[in-house]
Structures are given as C-alpha cells and as structure tokens.
Amino acid sequence: MSISLHGIGIGGGIAIGRAHLISQSAADVAHYTLEAHELPAEKQRFETAIRATRKELEMLWGSIPENAPAELGAFLSLHIMLLNDATISREPLKVIDALRCNAEWALKTQSDQLVAQFEDIEEQYLRERKQDVLQVVERIFKNLAGQSSVLPMPDPLNDDAILIAHDLSPADMVYFKDSSYVAFVTDVGGATSHTAILARSLDLPSVIATHNARQLISEDEIVIVDGIQGVVIVAPDEQVLAEYKRRQRAWREARRKLSSIKKANAVTLDGAPIELVANIELPQDVEDVKAAGAVGIGLFRSEFLFLGRDTLPSEDEQFEAYRQVVADMKGFPVTIRTMDLGADKNPKWSVHGVSDNPALGLCGIRLCLAEPQLFRSQLRALLRASTHGKLRVLFPMINGLTDLKQALAQLDLARHELRGENIPFDEKLEVGAMIEIPSAALVINSLVKHVNFFSVGTNDLIQYTLAIDRNDDAVSSLYDPTHPAVLYLIQHTIKAANKAGLPVSVCGEMAGDARLTRLLLGMGLRKFSMHPANMLSVKQVVLNTHLDRLHTLTGRILRADDPDKIHDLLQQLNALDCAA
C-alpha cells in the first residue's frame with residue numbers, strides 16, 4: 001500500500017529509486033554485573049573504544065574532500081569536542097566502578113542522563129545538540145562491540161538507490177559526498193540543520209525530518225523523493241509513479257532551459273539592473289561562482305581557515321587564501337566576512353570552551369573583540385590582500401553601534417601597523433556590517449554613518465527574531481521567513497540603507513529562494529547573495545519581473561499580520577504576469 005511522508009525538502013529535484021536502509025541506532029544494551037577483579041579490564045576496554053573513536057573521527061577530519069563545504073569541518077570538530085568532554089569520555093569509568101557494570105551499560109547510563117539534561121533546557125539551540133551527543137555515543141557503542149564506528153557508506157545495490165537513515169552525521173556525509181546514491185531521506189533534521197546545510201551543497205534530492213521513514217520504509221521498496229515539496233512516497237501505484245516521472249522530466253528540462261540564461265544580465269522587464277552574487281565556503285568554490293554567472297562574491301565565509309586544525313593560521317597563510325580568491329575573481333568584488341566562530345563552530349585551539357548558551361554567547365564579532373590580536377591578524381591579512389583586487393570586509397553579528405565602533409577601531413589599528421611597516425593596502429577599503437540580530441536592524445540608522453554597505457543574514461535574523469533554534473526539527477515548522485516581524489525588520493533595514501544611499505544585500509537562505517525573489521524586489525532589494533546552485537532560478541524570476549507592478553501586492557503583504565493571508569498574497573505576487 002502506498003504511503004506518503006512529509007518532511008523538509010532540501011531541493012535537488014525529484015528522485016525515483018529503491019530504498020536502501022542503514023541502521024545507526026544502538027541495539028538494546030545488555031546490563032551485566034562484573035566481579036571486582038574484572039573492573040580494570042572493563043575500564044581499559046572503554047578507554048580503548050574512546051581512543052579508537054577519536055582516531056576515526058580525526059581520520060575523517062583529515063580526509064574531508066577539498067570541495068566540501070566549510071561547515072563539514074566545523075561539525076566534525078563539534079563531535080570531536082563532545083567526545084573529548086569528560087562527561088562522555090571519563091564519567092562512565094566512574095559508573096563502571098560504582099555499579100560494577102559493563103562499559104556499554106555505563107555509557108548508556110551516562111548518555112541517558114546527559115540527553116535528559118539537554119531535553120530539559122528551554123533554549124532550543126542547546127536542546128538540538130542532544131542529537132550530536134547521540135551520534136558520538138553511537139560511535140563509541142560500535143567500537144565497544146568491536147565494530148569500527150566509521151563504516152564506509154554501504155555501496156548502493158542499484159544505480160537508483162536512495163539512502164534511508166535515521167540521521168546522517170557530518171562524518172557520514174564525508175562518505176555520502178563520494179557515493180553514488182541518487183537521494184537520501186532522514187528521520188531528523190531542521191531546515192538549517194547541519195544535515196540540511198550539507199545536503200544543499202550536494203545538490204541531491206533529499207527530504208529530512210520525516211520522523212519515521214526509517215521505520216516505515218522497507219529495504220528495496222520503490223520510493224519517490226520530492227526534494228522540492230518535501231514529500232516521500234513509498235510504494236507508489238502506477239498512476240502516481242507515472243505522474244512523478246513526468247514531474248521529474250519537467251524539472252530536468254526546466255534546469256536545462258535555465259542554463260540558457262547563464263550569460264544574460266540580471267535586468268528586470270522595466271530595465272532595473274539587479275546584482276546576483278554568490279556565497280562561498282572555500283577558495284576553490286570560485287569555479288562554481290564563475291560557472292553560475294555571478295557578478296561577484298557577496299559572502300566569503302572565512303571560518304575554513306580556523307577550523308579542523310590544532311593551531312591558528314598565520315597572517316601569511318590567511319593573506320594567501322584571501323589573495324587567491326580576490327585575484328581569481330579578476331576585478332569582480334569579493335566580500336569577505338571576518339571569522340564567525342563560536343556557537344557550534346568551535347576550533348580545537350579555542351581556550352573559551354562552550355558557552356552555556358552558545359548561540360547567544362561568545363561568537364561572531366564578540367569573539368573577535370575578545371581576541372584582539374587574533375582579530376587584528378586577520379584584518380592585516382585582509383588589508384594586504386586588498387591590493388590584489390576589489391575586496392570588501394564584512395563584520396558578523398553586530399548588535400549595535402558599540403560593537404561596530406570597536407570593530408572599526410581594530411581595523412584602524414591594523415591600518416596603522418601596516419603603514420608603519422610600509423606594507424601597501426587599499427586605503428579606500430569598503431567595510432560593511434551584517435544585520436542578523438534584531439537590535440542591529442532596529443538601530444540601523446545609528447550605523448549608516450560608519451559603514452559602506454550592509455548585508456542581511458536572514459538565517460540568524462529569523463532565528464533570533466522568532467526565538468527558534470534553526471537546527472531543531474521539533475520547531476522547524478515555526479521557522480518562517482515570511483513572519484510579519486521578520487519582514488518588518490528586513491524592510492526596515494532595506495529602507496534605511498536605501499535612504500542613506502548605501503548598498504544592501506540579503507545573503508541568507510531567503511536570497512536563494514526564488515519564491516521570495518519578487519517579494520524582496522518589491523521591498524526595494526537590488527542585490528542578492530546566494531549559493532551558486534540557486535543563481536539561475538532567481539535570475540529567471542528577475543528577468544520576468546516588472547518592478548512597478550509589484551508595489552500593490554508587496555505593500556499588502558507588508559501590512560498583513562495574518563500568516564495565512566501573507567501566504568495567499570505571496571502566491572498572487574508570484575503568479576503575477578508582468579509581461580502582459
């Protein structure tokens with residue numbers, strides 16, 4: 001009998017194939033009592049499993065493909081950090097002694113307590129970290145059983161195999177990236193969770209947060225994965241199968257046709273030029289930027305230089321990375337965000353540890369200002385690279401004028417140092433602030449005199465505005481980019497920037513969502529920064545839009561306070577025939 005499962009679609013189109021299930025949940029853990037003389041050997045067995053798991057995760061860390069997104073290293077770093085925490089790596093040894101039990105039971109006892117503590121936390125971001133704990137604990141269980149915790153992703157049995165799993169960890173994704181699966185489905189995950197971010201980089205049909213796909217789908221069953229609508233259809237009948245094959249062909253044809261506009265200028269029907277620039281993670285991503293026809297890089301995340309390593313990158317190493325990207329873009333603008341570390345992107349060399357409330361703790365510009373020498377080293381490298389092309393610097397997580405002034409003071413110090421050393425840099429270097437905290441959006445008029453441009457980071461802006469952990473699928477349905485409060489803050493930011501004559505872009509997921517392109521255009525946005533894979537679909541909307549015809553519906557959307565009404569009006573806006 002055919003069944004339909006609903007989750008979060010991560011794009012990549014539609015896949016039709018046969019299910020291949022992998023199990024990552026621990027079997028029921030046996031509990032048995034040990035004699036006193038057996039305890040030392042049992043504790044040694046546990047410590048051996050910890051060392052083996054650590055070695056395997058570090059091995060994966062070192063084997064991350066060069067073209068993998070920077071987040072992959074960050075997520076693996078988080079798992080290694082959790083493994084090294086005494087709660088997981090040392091406390092079970094005490095439990096073995098206290099209960100005179102086997103290592104598996106001691107680990108289960110400790111992990112159950114830890115997960116319960118996470119579930120009691122009100123703050124959504126921390127609560128989601130329980131899934132990372134469970135992934136790490138599962139790896140230890142496998143090593144205790146004498147089985148490597150890092151098994152290569154099983155080879156597909158068919159050319160059209162679809163992977164079905166409860167969860168895919170960052171380590172699993174290392175293998176998935178090089179496998180031949182055509183799609184994947186998971187039980188858990190949030191719209192901007194670790195899995196979702198990595199899935200988008202793979203550009204494969206995928207649906208996450210289905211909750212029970214692993215239990216309801218059988219091995220080798222025919223499965224349809226609609227990564228556009230977030231639907232998984234199991235054992236479809238002939239009529240449904242035929243319909244989805246038609247949709248699959250239509251989607252592929254639409255993608256093929258999109259390639260024809262790659263070299264076209266992004267100009268609306270009434271002649272307004274729109275800037276479409278790209279977000280990148282690594283220097284080698286420049287090739288994807290060029291292939292997509294972007295006119296620059298709107299967000300280069302510099303975290304890749306600081307993660308997945310034991311030591312800090314030198315100023316020269318940073319300079320070379322920035323210089324390479326700027327030079328490769330051959331005169332097109334490159335906006336480089338200063339290190340946005342903290343929260344779940346904690347480097348091994350950090351001495352600050354993990355905050356009790358990471359998303360609200362020492363991260364972004366706060367961490368930079370807490371480590372002025374480290375920050376200034378990056379600023380010096382950026383300034384030096386500015387002589388090799390059109391480079392712009394972007395400060396993350398600014399919450400108001402005080403943050404911004406302190407960041408600019410560090411930049412001025414870096415300039416002063418370089419002048420004293422007779423090292424050239426662009427004296428007219430442009431500097432911008434990210435608007436991703438509601439307070440920054442609300443006081444933006446106090447910031448306009450101190451920067452050259454703004455960039456709206458909608459992922460965090462939505463998270464902080466709606467108090468929703470964007471990694472937690474339990475509240476993923478509440479993560480709403482068209483919430484009236486979110487739209488108000490974006491509109492307020494765009495209006496203030498436009499009034500001050502400053503460029504403003506959107507660089508979060510909203511920028512690459514073609515369903516929101518007309519709305520953002522109607523709000524006055526003229527610059528979109530997105531993953532290169534989304535560039536052509538957004539450009540197609542731009543080419544078929546007449547700005548003058550957006551004002552009425554956009555105004556009604558911005559005045560609406562009912563989410564259902566906003567949804568209906570947005571559909572009308574996207575259905576508007578601007579060419580008529």
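All residue numbers in this chain count up from 1 along the given sequence.
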**Request:** Show your reasoning for whether side chain to side chain contact (heavy atoms under 4.5 Å, CB included) applies to Ile228 and Trp251.
**Result:** CA-CA 10 Å; Ile228 304 167; Trp251 184 85; 3.3 Å; yes
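- With respect to Asp285 and Arg301, no salt bridge is recorded, no charged nitrogen being found less than 4.0 Å from a carboxylate O.
- Thr338 and Pro396 make their closest contact through OG1-CD, 3.0 Å (heavy atoms, listed as atom of the first residue, atom of the second, distance).
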**Prompt:** Please walk me through it: do Leu83 and Leu57 pass side chain to side chain contact (heavy atoms under 4.5 Å, CB included)?
**Reply:** CA-CA 10 Å; Leu83 178 67; Leu57 286 176; 4.2 Å; yes
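- Residues Val295 and Phe332 share a closest heavy-atom pair of O-CD2, 3.2 Å.
- Residues Val185 and Ile208 are not in side-chain contact: their nearest non-hydrogen atoms beyond the backbone lie 4.5 Å or more apart.
- Legend: side-chain hydrogen bond (donor to acceptor under 3.5 Å, both in side chains) pairs involving residues 323-333, not counting sequence neighbours, sorted by first then second residue: Glu320-Arg323.
- Ser529 and Asn279 share a side-chain donor-acceptor pair at under 3.5 Å.
- Annotation: the span from Thr268 atom OG1 to Leu543 atom CG amounts to 9.0 Å, rounded to 0.5 Å.
- For Asp316, the CG atom counts as densely surrounded, since its 6.0 Å shell holds more than 12 non-hydrogen atoms of other residues, nucleotides or ligands.
- In this structure, Thr465 contributes its side chain and Ile462 its backbone to no donor-acceptor pair below 3.5 Å.
- Under the 4.5 Å side-chain criterion, counting only non-hydrogen atoms from C-beta, Thr335 is in contact with Phe453.
- Considering only residues two or more places apart in sequence or on other chains, Phe454 meets the ring pair (Phe, Tyr, Trp, His ring centres under 6.0 Å) condition with none of them.
- Applying the side chain to side chain donor-acceptor pair (under 3.5 Å) criterion to Glu287, with sequence neighbours excluded, gives no partner residue.
- With sequence neighbours excluded, the residues forming a ring pair (Phe, Tyr, Trp, His ring centres under 6.0 Å) with Phe319 are His388, listed by chain and number.
- Counting heavy atoms of neighbouring residues, nucleotides and ligands inside a 6.0 Å radius, atom NZ of Lys290 exceeds 12 of them.
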**Request:** Just do the salt bridge (charged side-chain N to carboxylate O under 4.0 Å, His left out) check on Glu315 and Arg376 with the steps written out, would you?
**Result:** CA-CA 9 Å; Glu315 179 184 318; Arg376 203 147 62 246; over 6 Å; no
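- No side-chain N or O of Asn452 forms a donor-acceptor pair with one of Arg392 less than 3.5 Å apart.
- Of all the heavy atoms in Phe425 and Arg384, the pair that sits closest is CB-N, 4.4 Å.
- Taking each heavy atom of Ala209 and Ile8 in turn, the nearest pair found is CB-CD1, 4.0 Å.
- Counting heavy atoms from C-beta outward, Met523 and Leu519 have side chains that approach closer than 4.5 Å.
- Atom CG of residue Asn459 and atom OH of residue Tyr464 lie 11.0 Å apart, to the nearest 0.5 angstrom.
- Remark: the backbone N or O of Leu521 is paired with a side-chain donor or acceptor of Arg526 at under 3.5 angstrom.
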**Message:** Please evaluate residues Phe375 and Ile365 with respect to the criterion side chain to side chain contact (heavy atoms under 4.5 Å, CB included), reporting the C-alpha separation (whole Å), side-chain torsions for both, the decisive distance (0.1 Å), and the verdict.
**Reply:** CA-CA 9 Å; Phe375 188 31; Ile365 200 65; 3.8 Å; yes
**Request:** For Arg337 and Val393, run side chain to side chain contact (heavy atoms under 4.5 Å, CB included): C-alpha distance rounded to whole Å, both residues' side-chain angles, the deciding distance at 0.1 Å, then the answer.
**Result:** CA-CA 6 Å; Arg337 184 179 68 188; Val393 171; over 6 Å; no
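- Within the 4.5 Å cutoff, side-chain heavy atoms of Leu276 are placed close to those of Val538.
- Screening residues 397-415 for salt bridge (charged side-chain N to carboxylate O under 4.0 Å, His left out) gives Asp412-Arg415 as the qualifying pairs, with residues at least two apart or on separate chains.
- For the pair Val431/Leu411, a side-chain contact is recorded, criterion being any heavy-atom separation below 4.5 Å from C-beta on.
- By the 4.5 Å heavy-atom criterion applied to side chains, Phe300 and Val325 are counted as neighbours.
- One finds a salt bridge joining Arg380 and Glu421 here, because a Lys/Arg side-chain nitrogen approaches an Asp/Glu carboxylate oxygen to under 4.0 Å.
- Here the CG-CD1 distance, from Leu394 to Ile336, works out to 10.5 Å after rounding to the nearest 0.5 Å.
- Side-chain contact check for Thr53 and Arg139: no donor-acceptor pair (N or O, by modelled atom type) lies under 3.5 Å.
- The backbone N or O of Gln373 sits nowhere less than 3.5 Å from a side-chain atom of Ser377 that would complete a donor-acceptor pair.
- Without hydrogens or angle criteria, Lys539 side chain to Ala264 main chain gives a donor-acceptor distance under 3.5 Å.
- At least one donor-acceptor pair closer than 3.5 Å links the side chain of Gln378 to the backbone N or O of Met339.
- With respect to Asp513 and Arg515, a salt bridge is recorded, a charged nitrogen being found less than 4.0 Å from a carboxylate O.
- For the residue pair Asp480 / Thr482, a side-chain donor-acceptor distance below 3.5 Å is found, with atom types taken as modelled.
- Considering OG of Ser505 and CG of Leu299, their distance stands at 8.5 Å, rounded to 0.5 Å.
- Val286 is listed as a side-chain neighbour of Ile297, based on a closest heavy-atom distance under 4.5 Å.
- In terms of modelled atom types and a separation under 3.5 Å, the side chain of Ser386 and the main chain of Asp426 share a donor-acceptor contact.
- The backbone N or O of Ser302 sits nowhere less than 3.5 Å from a side-chain atom of Tyr322 that would complete a donor-acceptor pair.
- Asn534 contributes no side-chain N or O that, together with a main-chain N or O of Met530, makes up a donor-acceptor pair within less than 3.5 Å.
- Atom CG of residue Leu461 and atom CE of residue Met434 lie 9.5 Å apart, to the nearest 0.5 angstrom.
- The two residues Cys507 and Ser455 have their closest heavy-atom pair at SG-OG, 3.2 Å.
- Side-chain atoms of Glu436 never come within 3.5 Å of backbone atoms of Asp460 as a donor-acceptor pair (strictly under, hydrogens ignored).
- We find the CG-OH distance between Leu163 and Tyr181 to be 5.0 Å, quoted to the nearest 0.5 Å.
- With sequence neighbours left out, the side chain to side chain donor-acceptor pair (under 3.5 Å) criterion links Arg252 to no other residue.
- Across Pro532 and Ala292, no two heavy atoms sit closer than the pair O-CB, 3.6 Å.
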**Request:** Decide salt bridge (charged side-chain N to carboxylate O under 4.0 Å, His left out) for Glu58 and Lys55; before the verdict, give the C-alpha distance in whole Å, the side-chain angles of both, and the deciding distance to 0.1 Å.
**Result:** CA-CA 5 Å; Glu58 289 175 348; Lys55 181 178 179 180; over 6 Å; no
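- Counting only heavy atoms from C-beta outward, the side chains of Val451 and Leu404 approach each other to under 4.5 Å.
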